[in-house]
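Counting begins at 1 with the first residue of the sequence.
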Amino acid sequence: MQPDTSTFRFSLKFSSGLFALLTLWLLYLDWQLLVPAWLKYLFLLINAVTLFGYWRDKKAAEQQAWRTQESTLLLLGLAGGWPAAFVAQHWFRHKNRKVSFQLLFWLTALLNTSACYSLWISGWLLP
């Protein structure tokens, strides 16, 4: 069964738009000096590693090679790489239709954002 190309185009536009919004949000936080510099660099590094992890797993799936465990991909998202994971799922069309994975993915995104918000409110993440 072939995927619907109009759905793929919408998904690609949506994930690209979200990626642009997250980038602008990070630049805004940088401009307003609302987060420490080390956190921004850590955020960028974790997201780059996450994007690479999803790309590598997709390539391994296509070549029927050794795959990355789902728990590893979910842990990368929990560590702060969930924005890149979301984008990668749509860019590479990987892990975005598996319902059990999606439920766990969104749970890790919620846990990460809740933890970051709690740390920021408590003053731990202020510059």
Which atom names give the shortest non-hydrogen contact between Thr50 and Gly81, and what distance separates them? CG2-O, 3.3 Å
Output yes when a side-chain donor or acceptor of Asn112 lies under 3.5 Å from a complementary backbone atom of Thr108, and no otherwise. no
Is it true that Leu75 and Ile46 fall in one hydrophobic cluster, defined by side-chain heavy atoms closer than 4.5 Å? no
Can you measure from CZ (Phe105) to OG (Ser100) and round to the nearest 0.5 angstrom? 13.5 Å
When you measure from the side chain of Thr72 to the backbone N and O of Thr68, does any donor-acceptor pair fall under 3.5 Å? no
Count I, L, V, M, F, W, Y as connected when their side-chain heavy atoms are under 4.5 Å apart, and connections chain through other members. Are Trp106 and Leu111 then in the same cluster? no
Looking at Phe92, is Lys58 sitting on its ring face, NZ or CZ under 6.0 Å from the six-membered ring centre and within 45 degrees of the normal? no
Least distance between heavy atoms, Pro83 atom then Asn47 atom: CD-OD1, 3.5 Å
Going by heavy atoms in the side chains, are Leu42 and Trp38 under 4.5 Å from each other? yes
Closest heavy-atom pair, Ala84 versus Leu51, reported as atoms and distance to 0.1 Å, is O-CD1, 3.8 Å
I'd like to check Thr113 versus Trp82 (side-chain heavy atoms, cut-off strictly below 4.5 Å). Are they in contact? yes
Are the aromatic ring centres of Trp91 and Phe86 under 6.0 angstrom apart? no
Answer yes if Leu78 and Tyr54 sit in the same cluster of Ile, Leu, Val, Met, Phe, Trp and Tyr residues linked by side chain heavy atoms under 4.5 Å apart, and no otherwise. no
Co-membership, hydrophobic cluster, residues Val87 and Leu76, 4.5 Å side-chain: no
Could you state whether Leu45 and Phe43 fall into the same hydrophobic cluster, counting links through intermediate Ile, Leu, Val, Met, Phe, Trp or Tyr residues with side-chain heavy atoms under 4.5 angstrom apart? no
For Phe52, side-chain contact (heavy atoms from CB on, under 4.5 Å) partners two or more places apart: Trp55, Arg56
Do you know which two heavy atoms are closest between His94 and Ala61, and how far apart they sit? CE1-CB, 4.3 Å
Output the distance between atom CD (Gln102) and atom CG (Leu107), rounded to the nearest 0.5 Å. 12.5 Å
Is it the case that more than 12 heavy atoms not belonging to Glu62 sit under 6.0 Å from its CD atom? yes
Rounded at 0.5 Å granularity, tell me how far CG in Asp57 sits from NZ in Lys95. 5.5 Å
